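In what follows, a structure is listed as structure tokens, so that the remarks can point back to it.
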Protein chains: 2
Amino acid sequence: MNQNKDRRTAILEAALGLIAERGFHGTPAALIAERAGVGVGTIYRYFRDKDELIHAVFQDVEKRQIEIITRNYDEERPFRERFVHLCRNIYHCLMEKPLEFRFLEQYFDSPYGVEQRRRLDNLSRPFGRLFFAGKEQQVIKDVPDKMLYSLVFGPIAFSIKEHNAGFLQLDAERIDLFIGALWDAIRR
Amino acid sequence: MNQNKDRRTAILEAALGLIAERGFHGTPAALIAERAGVGVGTIYRYFRDKDELIHAVFQDVEKRQIEIITRNYDEERPFRERFVHLCRNIYHCLMEKPLEFRFLEQYFDSPYGVEQRRRLDNLSRPFGRLFFAGKEQQVIKDVPDKMLYSLVFGPIAFSIKEHNAGFLQLDAERIDLFIGALWDAIRR
DNA sequence: TTCTCCGGAATGAACATTCCTTCTATGGTC
DNA sequence: GACCATAGAAGGAATGTTCATTCCGGAGAA
């Protein structure tokens with residue numbers, strides 16, 4: 001029973017790492033099994049097929065990330081502070097876990113991305129509340145939420161890609177500078 | 001000779017469309033050949049292999065896009081005006097050609113994306129000059145170029161994805177609203 | 001012994017790529 | 001103008017490879 005959990009986890013982690021490094025199509029089941037220290041057949045004891053495995057990896061990653069993003073988040077603080085807090089957490093968790101970031105990147109631009117809607121819904125819930133109140137109190141631009149998301153998530157994702165590719169060095173100071181610019185984009 | 005060009009073009013267009021619709025891995029060579037009205041073997045008369053074909057499609061798309069983005073662009077106009085002009089053109093060409101947008105999207109988040117560097121270098125040249133002068137004259141934030149690119153291209157790409165997915169209706173008015181927010185993000 | 005869970009060889013499907021046959025266009029000959 | 005020879009292009013069946021997935025013999029627990 002505990003053994004079950006370990007094997008399942010090992011498979012999930014192996015899949016995450018390999019897919020991040022080599023893409024969906026560069027990671028045959030045999031390779032996942034090898035890295036997980038498990039027989040090929042075993043994968044199919046825990047997951048119906050490769051698709052189910054990949055969705056499971058996604059859900060796993062998503063769960064962890066949401067947990068980190070809303071850590072220490074206090075809905076009572078002022079808008080700008082809350083905004084900065086959420087953004088910092090996002091940077092933190094995406095940059096600490098480059099594998100997870102690369103996995104998500106691949107996941108969303110692929111047939112699996114049908115689930116994208118879900119992810120945004122889940123990940124952006126705290127932002128949604130922030131935006132709603134901010135618009136009401138005329139602190140944030142009165143434009144559709146999706147536009148605000150684009151203004152925030154777009155640059156964050158883009159800059160982390162540049163960072164991971166080695167084109168842009170992101171340290172705490174620069175991240176804060178950047179978050180300041182994001183705030184300028186959405187504030188009234 | 002003319003016939004050659006037609007066949008090559010037909011193959012490129014078929015590949016572009018199919019890859020945009022079904023992804024790299026949903027488009028076997030046989031399918032490309034079929035849509036192009038050509039025998040499978042013929043593809044290999046024009047392109048060494050599938051990779052070369054895909055890179056060729058990319059270069060083709062890139063060339064067209066750069067042409068559109070810098071259309072009617074006047075380096076003598078004021079910063080904000082030039083910025084708005086370039087952004088509008090980007091929206092224009094990416095939204096007019098959803099197939100090309102979807103192709104590019106796939107291309108960059110894939111092993112082929114090694115070429116990403118080139119694309120940014122090419123596509124962003126007019127922006128690079130704009131940013132340089134803007135920083136010098138203290139109109140634009142004095143942060144690394146890559147940060148400015150992230151602040152501009154990130155949201156544009158993100159919002160077009162949302163648009164194509166049907167979550168965000170982008171008309172001319174909203175696009176201008178959006179570009180205004182982008183300007184807020186990068187201006188001093 | 002029996003019941004579960006594993007491993008990994010075996011299977012079959014999907015493809016990229018090759019290779020040989022068939023077609024087409026060109027131009028030389030009568 | 002009719003005919004044919006030849007080279008280069010096109011087509012698509014055949015090949016070989018790379019997987020996902022299955023299946024069955026075996027190890028270990030109960």
Side-chain angles (χ1 to χ4, degrees), chain A residues 1-60 103 106-107 109-115, chain B residues 1-60 103 106-107 109-115:
Chain A
M1 183 158 294
N2 196 358
Q3 196 50 239
N4 275 3
K5 187 124 200 181
D6 286 349
R7 269 191 172 53
R8 205 186 123 92
T9 305
I11 293 170
L12 284 174
E13 279 174 9
L16 171 64
L18 285 166
I19 290 169
E21 289 162 17
R22 325 172 32 118
F24 292 121
H25 312 285
T27 68
L31 210 60
I32 296 175
E34 190 189 346
R35 182 176 293 193
V38 139
V40 200
T42 305
I43 291 176
Y44 291 85
R45 304 197 56 72
Y46 292 95
F47 306 96
R48 179 183 316 289
D49 55 21
K50 215 185 166 191
D51 278 10
E52 191 180 300
L53 167 58
I54 286 167
H55 288 304
V57 172
F58 170 73
Q59 279 160 25
D60 203 46
F103 173 84
Q106 311 239 8
Y107 186 82
D109 292 307
S110 76
Y112 304 110
V114 183
E115 306 269 310
Chain B
M1 184 162 295
N2 197 359
Q3 196 51 238
N4 274 4
K5 185 125 202 180
D6 285 351
R7 269 193 180 31
R8 206 187 123 93
T9 304
I11 293 170
L12 284 174
E13 278 174 9
L16 171 65
L18 285 167
I19 290 169
E21 289 163 18
R22 323 171 33 115
F24 291 122
H25 313 284
T27 67
L31 209 61
I32 297 174
E34 190 189 347
R35 182 177 294 193
V38 136
V40 200
T42 307
I43 290 176
Y44 292 84
R45 302 198 56 71
Y46 292 95
F47 305 95
R48 179 183 315 289
D49 55 21
K50 217 186 167 191
D51 278 11
E52 190 179 300
L53 167 59
I54 287 168
H55 288 304
V57 172
F58 169 73
Q59 279 160 26
D60 205 45
F103 174 84
Q106 311 237 8
Y107 186 81
D109 292 307
S110 76
Y112 305 111
V114 184
E115 307 269 308

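All values reported here derive from a predicted model rather than from experimental measurement. Numbered from 1 within each chain, the chains take letters A, B, ... in sequence-line order.
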Open item on the list: If I take atom NE2 in residue B/H25 and atom C1' in nucleotide D/dT18, what distance separates them, rounded to the nearest angstrom?
Closed with: 14 Å
- [ ] Specify the separation, in whole Å, of atom CG of B/D49 and atom P of D/dG16.
- [x] 20 Å
Open item on the list: For B/A14 versus B/I32, what's the shortest heavy-atom pair and its separation?
Closed with: CB-O, 3.7 Å
Open item on the list: Tell me whether the side-chain N/O atoms of A/R7 come closer than 4.0 Å to OP1 or OP2 in C/dG7.
Closed with: yes
TODO: Assess whether atom CD of B/E52 is packed by more than 12 heavy atoms of other residues, nucleotides or ligands within 6.0 Å.
DONE: yes
Task: Below 4.0 Å: OP1/OP2 of D/dG11 and any side-chain N or O of B/T42 - done: yes
- [ ] Can you tell me the distance, in whole Å, between the CZ atom of A/R8 and the P atom of C/dC5?
- [x] 15 Å
Task: Between P of C/dA16 and CZ of B/R45, the distance in whole Å - done: 19 Å
Open item on the list: Tell me whether the rings of B/F58 and B/Y107 are parallel (<30°), tilted (30 to 60°) or perpendicular (>60°).
Closed with: parallel
Task: d(CD1, B/I32; P, C/dT17) in whole Å - done: 11 Å
Open item on the list: Measure CZ/B/F24 against C1'/C/dA16 and give the value in whole Å, please.
Closed with: 16 Å
Task: Distance in angstrom units between B/L53 CG and C/dC15 C1', rounded - done: 15 Å
Open item on the list: If you only use heavy atoms from C-beta on, which nucleotide in D/dA20, C/dT17, D/dA9 is closest to the side chain of A/Y44?
Closed with: D/dA20
Task: Integer-rounded Å distance: C/dA16 P and B/D51 CG - done: 11 Å
- [ ] Verify the contact: side-chain N or O of A/Y46 to OP1 or OP2 of C/dC6, cut-off strictly under 4.0 Å; return yes or no.
- [x] yes
Open item on the list: With rounding to the nearest 0.5 angstrom, report the CG to CZ distance, B/L18 to B/R35.
Closed with: 4.0 Å
Task: Minimum-distance nucleotide (side-chain atoms of B/P28 versus D/dG12, C/dC15, C/dG7) - done: C/dC15
